[in-house]
Every structure is written in structure tokens, then in C-alpha cells.
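Have a look at the structure below before the remarks.
Remember, it's 1-based here, ligands and their atoms both numbered in the order they're listed.
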Amino acid sequence: MAPSHPIGLLNGPNLGRLGLREPDIYGAETLADIENTFRNEAKNLGIVVDCFQSNHEGELIDKIEKWTDDHFAGVIINPGGFTHTSVALRDAISSSQIPFIEVHLSNVHQREEFRHRSLTAGVCQAVIAGMGPMGYYAALRHFAAKLHQ
Ligand code: DQA
């Protein structure tokens, strides 16, 4: 797919509180900081991006449908707590036909047992956990490499 097709960055519930929320786990950077770096990295890579965060499951699903209709080339998603609960989000990802990469700031496998299971990972192309915001940028580079192939 041509580099003109955008890449989406989708963040789920509570991720709008990054920087304030449990900084020992999620770090000091705000979501605005992360999205700014993400946009700069994308610009340097010649990739068009769109960023969206919502605390609401339906809004995340609406955005996936919109980005599907708009022929996005890939989506980087951190579904937050919905990772472990949402069949609806999984269904939206699997029916979208866009490649998704799931990113978690923390290493969910080192944490509580209920975080070890992801309902969404099985319908994503790749999963990154525990690299902090770098996980989002690494996923972007992966998509950029594919787009420029
Ligand atoms: C998270 C991990 C989830 O278990 C948690 O509910 C989050 C953030 C992460 O980025 O590490 O909200 O997705």
C-alpha cells in the first residue's frame, strides 16, 4: 500500500491521563507528549497519521470503522483495560481488514494475572509490551517499512 494511506494511533480508556496516572507504571509523559513525538516521527518517515483517544468502547469501534472506510494502512492500538474484556473491540479489529499492532506501555505479563489475557491480541499482527512510549514508535517504524517496500 502506498505511503499516502494513513496510519492510526488509537488509545483506549484512562490513557488520556498518562503523566498523572500511576507514573511509576506508565511513566511521566502525557498522551499529548507521546502523540507529538509520534507525529514528528511520522513526518520524518513520510507517513500521514491520525491520533484518537477515548474512554468509550463504542467510540473506539466507530473510529475503527471510519478508518477502515478511509482505507488506513495500519492501526497501532493500546486498548487499555478493554484489552482484557472487550469481545466487541476484538470483533471490530478482526472485521476491519486493516493490520493492527497492539501496544502496552507496561509489561502486562509481569503484572496481575487478569492482565495476562488479551482478547484483542489474537486478531492483531503483532504485540509490543513493556517498552513504554517507544512501543508506539517501534510499531510506526514497522508499518513505515512495510509501506515503503
Ligand atoms: C495498558 C495495560 C492494561 O492492563 C491497562 O488496563 C491499561 C494500560 C498498558 O499500556 O500497559 O490501561 O494497556
Side-chain angles (χ1 to χ4, degrees), residues 5-45 47-68 70 72-147:
H5 288 272
I7 299 291
L9 176 63
L10 196 54
N11 277 285
N14 302 306
L15 292 161
R17 303 293 286 171
L18 288 176
L20 298 171
R21 177 192 180 198
E22 299 175 278
D24 47 317
I25 298 175
Y26 297 115
E29 276 184 82
T30 65
L31 185 59
D33 294 334
I34 292 169
E35 288 180 349
N36 278 338
T37 306
F38 187 85
R39 285 197 187 90
N40 284 336
E41 297 259 326
K43 203 170 169 200
N44 292 337
L45 292 163
I47 304 281
V48 178
V49 290
D50 194 6
C51 303
F52 182 74
Q53 186 273 332
S54 177
N55 293 329
H56 306 280
E57 195 175 25
E59 285 187 3
L60 296 168
I61 292 169
D62 288 347
K63 189 56 83 175
I64 291 171
E65 290 180 354
K66 171 90 172 65
W67 284 350
T68 302
D70 291 347
F72 272 47
V75 175
I76 297 158
I77 186 168
N78 183 346
F82 290 147
T83 307
H84 319 295
T85 63
S86 180
V87 172
L89 197 54
R90 179 195 165 99
D91 288 346
I93 295 170
S94 75
S95 61
S96 78
Q97 292 171 341
I98 302 176
F100 275 68
I101 298 179
E102 179 169 313
V103 171
H104 298 285
L105 295 159
S106 65
N107 181 352
V108 282
H109 301 287
Q110 283 178 338
R111 301 181 61 197
E112 303 96 321
E113 190 132 359
F114 67 84
R115 295 185 204 275
H116 298 181
R117 185 183 71 150
S118 169
L119 293 189
T120 43
V123 289
C124 291
Q125 196 176 80
V127 180
I128 299 173
M131 283 169 45
M134 191 65 73
Y136 295 120
Y137 316 140
L140 177 65
R141 284 183 175 271
H142 173 83
F143 279 137
K146 293 264 172 212
L147 285 172

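Atoms CD1 and CD1, on Ile76 and Ile128 in that order, are 8.0 Å from each other to the nearest 0.5 Å.
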task: Could you check Glu102 against Ser118 for side-chain hydrogen bond (donor to acceptor under 3.5 Å, both in side chains), going step by step and ending with a plain yes or no?
output: CA-CA 10 Å; Glu102 179 169 313; Ser118 169; 3.0 Å; yes

- request: Dump the intermediate steps for side-chain hydrogen bond (donor to acceptor under 3.5 Å, both in side chains) on Glu57 and Asn55, then the final yes or no.
  value: CA-CA 7 Å; Glu57 195 175 25; Asn55 293 329; over 6 Å; no

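Ring-plane geometry between Phe114 and His84 is classed as perpendicular, the angle between the planes exceeding 60 degrees on a 0 to 90 degree scale with a lower cut at 30. Taking the six-membered ring for Trp and thresholds of 30 and 60 degrees, Trp67 and Phe72 have nearly parallel ring planes, at less than 30 degrees apart.
For ligand 1, the 4.0 Å heavy-atom shell contains residues Arg21, Tyr26, Asn78, Gly80, Gly81, His84, His104, Leu105, Ser106, Val108, Arg115.
No side-chain N or O of Asn40 forms a donor-acceptor pair with one of Thr37 less than 3.5 Å apart.
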